[in-house]
Number of protein chains: 2
Amino acid sequence: VSTTVLCGGVGAARFLRGLIEVVGQSTVTAVVNVGDDTVLHGLHVSPDLDTVTYTLADAIDPERGWGLAHESWHAMEVLARYGNPTWFNLGDRDLATHIVRTERLRAGAPLSSVTDHIARSWGLSLRLLPVTDDPLRTMVTIDDADTGPREIEFQEYFVGRRHDVPVTAVRFDGAEATTPAPGVAEAIGAAATVVIAPSNPVVSIGPLLAVPGVREAVTARRDHAVAVSPIVAGAALKGPADRMLRELGHEVSVVGIARLYAPLAATLVIDTADAHRAGEVEAEGMACVVADTVMRDVDRAAGVAEVVLEHG
Amino acid sequence: VSTTVLCGGVGAARFLRGLIEVVGQSTVTAVVNVGDDTVLHGLHVSPDLDTVTYTLADAIDPERGWGLAHESWHAMEVLARYGNPTWFNLGDRDLATHIVRTERLRAGAPLSSVTDHIARSWGLSLRLLPVTDDPLRTMVTIDDADTGPREIEFQEYFVGRRHDVPVTAVRFDGAEATTPAPGVAEAIGAAATVVIAPSNPVVSIGPLLAVPGVREAVTARRDHAVAVSPIVAGAALKGPADRMLRELGHEVSVVGIARLYAPLAATLVIDTADAHRAGEVEAEGMACVVADTVMRDVDRAAGVAEVVLEHG
């Protein structure tokens, strides 16, 4: 009985941590967003893949929610001396991951095989797949107070501007030319349960669905697909999902999420705080399950996973 | 009145440190060996250039004699986790230099302009030139006790084998196809004094002379060229120069050095410990100057520089 999870970063990583507490790693496939990937100092950085890896390896920094615990920042000081950009902090230990990824990509290895090597090196046995081995970049059009509308890379919006600027459009550059990484379509097709993790629907799940074939593969499994709402009581627990949904014209609620996911998944898991809107979710065409979805710790995350598996 | 110094790593860096104490940085050009360069973890490492830069910036680790002071080694731990080679230690701060060098080389910048950027970033104003922008690799044939003779990269011999294995040949791979980096031939041609630093004649100065045009440029300035012997009392102060000279059939003494450098420089500076062999040096066709050449500190290095400048 296998589970395939469509993943962004932090929310998905926490869900996966709970899921493997329940079913172990060997039957789990994580299909992860690469639209956030960027090149810094000539190094290929894959924030969502690394967040999932470090979280499942219990190596993530629990305070920051990204990067490695017990991290130091010495290389960054010297990069600053050389005039390199400093708006995206990279720790010394974390840099090793980007160095190895870049070394292997340059030697011709696809991102999926590099990702597998990194995951195994951290002792993971689940299958961790980038959604595609091809270049796909999430581009965000911001309404800059000074310069007017302009399109920037996701990380420049998310980290550089601390996602504190209005967004008028999101585009997945290069998506139409990508194909799913080896195993992605099969993992979605063969899973007992397909899960849409509680990640940002626009910039975390959106890029996955923009890879030709992935939306179709999920839709074909709609009856066994379960989404977990990333919106609780009208707000995102983390990150700019709420603000971004609003700015792009979506309702910021479990009903808004249901409208986005109804074509893809038969079931939506919503938080008890939103129980009073279960009827409206069902009116959008999804079965609605109410549960405690705020994953404060591994036990709570395992609880969410159990609810999801029950309804897949 | 300008000075051009042909340089390897540690010995040359100490001499330069003394020289700039005497004449300042602005009139000094250092032409540095790149035969030791190597690629580690996909990053371009230039040990001799970095030793010179870090030493002149007073940032070198004084105990180790290479790399940066107050260094940490956290990235290396994670590189080891990924199965990357660990025989060549790279500190976290030092890694930033290799990352920036690699980034700029990949973007198409020549090594000389990258080196200039790195030197300026450390506040240096002397001219620091790699001898060539083209690939040149020092290859060492070792007589391996287990496998018999085989040719390996210099760093594999120097660091990987701790230069503790017999050498039967040295070759400068690619040298015939290189040209001197911009400014190298001019700096040798125009200098009031050309100095051959107290570096390993075979693997530090040798690669410089293997770049077509450099030997000729130095020879043309022989009357104003001064070499400082890297051999004192029949031994190298640091590194494998003595052992390597012996294994390659040279006499390990100031007389052996005179035989190697007589075609290039009119004058050899030898240590007081070797004063009794001054006549033999002169018999090889070089003027011989006796001085205290052991550069224990900056003052002593400045003293050596003063002697050199007097005789250039």
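Side chains are part of it too, since the values below use all heavy atoms of this structure and drop only hydrogens, waters and symmetry mates. Sequence lines set the chain letters: A, B, ... in the order given, protein chains first and strands last, and positions in each chain run from 1.
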With a 4.5 angstrom heavy-atom cut-off, which part of [X] approaches chain A: side chain, backbone, both or neither?
X: B:R106; result: side chain
X: B:W73; result: neither
X: B:L79; result: both
X: B:R120; result: neither

> Checking side chain to side chain contact (heavy atoms under 4.5 Å, CB included) against B:I99, which of A:V78, A:L43, A:N84 comes through?
Replying inline: A:L43
> Which pair of heavy atoms, one from A:S72 and one from B:D92, lies closest together, and at what distance?
Replying inline: OG-OD2, 4.1 Å
> B:G91, B:G42, B:A107, B:A96: which one forms the most heavy-atom pairs within less than 4.5 Å of chain A?
Replying inline: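 Of B:G91, B:G42, B:A107, B:A96, B:A96 has the most heavy-atom pairs under 4.5 Å with chain A.
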>> Taking every non-hydrogen pair under 4.5 Å, which of B:T97, B:D94, B:V39, B:T102 racks up the most with chain A?
In response: B:T97
> What distance separates B:L95 CG from A:H41 NE2, expressed to the nearest 0.5 Å?
Replying inline: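 One finds 12.5 Å between CG of B:L95 and NE2 of A:H41.
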>> Distance check, rounded to the nearest 0.5 Å: B:Y82 atom OH versus A:H117 atom NE2?
In response: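 Here the rounded value is 7.5 Å.
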>> Please check this pair: side chain of B:R93 against backbone of A:H74, looking for a donor-acceptor N/O pair closer than 3.5 Å.
In response: no
> Crowded around B:R150 CZ? As in, over 12 foreign heavy atoms under 6.0 Å?
Replying inline: yes
